[in-house]
Every structure is written in structure tokens, then in C-alpha cells.
Undergrad: 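Sharing a structure, written as C-alpha cells. Questions coming.
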Amino acid sequence: MNESDLTPGEKKIWDLKDEALSLVGVENRINEVRISETMRSLEDGWKAEGLWESENRRIIVKRSALSSRSRFVVLLLHEAAH
């Protein structure tokens with residue numbers, strides 16, 4: 001999904017990503033942060049809102065996480081901790 005597809009409110013929250021990652025000093029460990037409309041279900045049926053892909057050093061967040069600043073930042077930092 002492209003940033004241009006985000007609503008103004010989602011874009012405002014999305015723009016927090018670099019600042020949030022820099023606060024904990026992991027911005028250089030992560031190559032990319034992407035947004036996805038959907039996420040795959042985990043083995044136990046849990047539907048994740050975030051994913052860390054270590055081989056690509058990439059975080060993927062579900063678009064629904066952009067509904068709240070705190071929800072997005074917590075999710076982003078959780079994935080960055082992997």
C-alpha cells in the first residue's frame with residue numbers, strides 16, 4: 001500500500017514512525033516500514049497487526065493500527081524490539 005492512499009489522519013500518525021524509532025535508537029537497524037491492508041493469521045488463529053521480517057530488516061504494520069497514535073507507536077516499537 002502506498003502512503004498516498006492514507007487518509008490525512010492516518011498520514012499524520014504514519015509520519016511519527018521515524019521519530020519513534022529514533023527515540024529508542026533502532027532506526028539504523030530497520031531498512032523499511034510498510035503498511036498492509038491485511039495480515040496473515042498466526043497458527044493459533046491470532047491476527048497480528050505487526051510483523052518483523054528479519055531477513056529484510058522490515059516492519060509491516062496493518063493499516064488499522066493507524067487509527068491511534070499510541071496504538072501505532074506501541075506496535076512499531078514492539079516489532080522493532082525483535
Side-chain angles (χ1 to χ4, degrees):
M1 148 167 235
N2 294 319
E3 287 183 43
S4 61
D5 297 327
L6 298 176
T7 67
E10 289 171 332
K11 177 77 168 98
K12 189 173 182 177
I13 292 170
W14 176 248
D15 287 343
L16 297 171
K17 71 184 178 314
D18 294 331
E19 182 180 358
L21 293 172
S22 71
L23 287 173
V24 292
V26 296
E27 69 277 10
N28 294 330
R29 276 191 17 177
I30 298 165
N31 290 338
E32 182 178 25
V33 181
R34 288 191 177 176
I35 307 163
S36 177
E37 287 280 354
T38 60
M39 298 292 279
R40 62 182 170 221
S41 296
L42 301 177
E43 292 173 7
D44 62 1
W46 176 259
K47 294 194 187 280
E49 282 195 301
L51 175 68
W52 166 248
E53 292 183 333
S54 59
E55 64 278 1
N56 298 316
R57 294 174 36 186
R58 174 174 46 210
I59 294 173
I60 301 173
V61 296
K62 190 172 180 184
R63 184 177 185 176
S64 61
L66 297 173
S67 64
S68 158
R69 291 171 53 135
S70 59
R71 181 176 176 187
F72 173 67
V73 171
V74 165
L75 177 66
L76 183 66
L77 295 180
H78 170 87
E79 296 306 328
H82 287 285

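All heavy atoms count here, side chains included; hydrogens, waters and symmetry mates do not. We count residues from 1, following the sequence as given.
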Undergrad: Cluster question for you: counting only ILVMFWY and a side-chain heavy-atom cut-off of under 4.5 Å, with indirect links fine, are Val73 and Leu75 together?
TA: yes

Undergrad: Nearest 0.5 Å, please: how far is CG in Leu23 from CG in Asp18?
TA: 11.0 Å

Undergrad: If you round to the nearest 0.5 Å, how far is NZ of Lys11 from CG of Leu16?
TA: 10.5 Å

Undergrad: Closest heavy-atom contact between Leu76 and Ala20?
TA: CD2-CB, 4.1 Å

Undergrad: If you define the side chain from C-beta out and look only at heavy atoms, does anything of His82 sit under 4.5 Å from Ser54?
TA: no

Undergrad: At their closest point, which heavy atom of Ser67 faces which heavy atom of Ile13, and how far apart are they?
TA: C-CD1, 4.0 Å

Undergrad: Is there side-chain contact between Asp5 and Ile35, with heavy atoms separated by less than 4.5 Å?
TA: no

Undergrad: Can you measure from NZ (Lys62) to CZ (Arg71) and round to the nearest 0.5 angstrom?
TA: 8.5 Å

Undergrad: Count the heavy atoms of every other residue, nucleotide or ligand shown that sit under 6.0 Å from CZ of Arg57, and state whether that count exceeds 12.
TA: yes

Undergrad: Tell me whether Val74 shares a hydrophobic cluster with Trp52, the cluster being built from Ile, Leu, Val, Met, Phe, Trp, Tyr side chains joined at under 4.5 Å.
TA: no

Undergrad: How long is the span from the CD atom in Glu79 to the CG atom in Leu21, to the nearest 0.5 Å?
TA: 11.5 Å

Undergrad: Could you check whether any side-chain N or O of Arg63 sits under 3.5 Å from a backbone N or O of Glu10, counting only pairs where one atom can act as donor and the other as acceptor?
TA: no

Undergrad: Verify the neighbour count for atom CD of Glu32: are there more than 12 heavy atoms of other residues, nucleotides or ligands below 6.0 Å?
TA: yes

Undergrad: Should Phe72 and Ile30 be counted in the same cluster of Ile, Leu, Val, Met, Phe, Trp and Tyr side chains packed under 4.5 Å apart?
TA: yes

Undergrad: Looking only at heavy atoms, which two atoms of Leu6 and Leu66 are closest? And how far apart?
TA: CD2-CD1, 3.7 Å

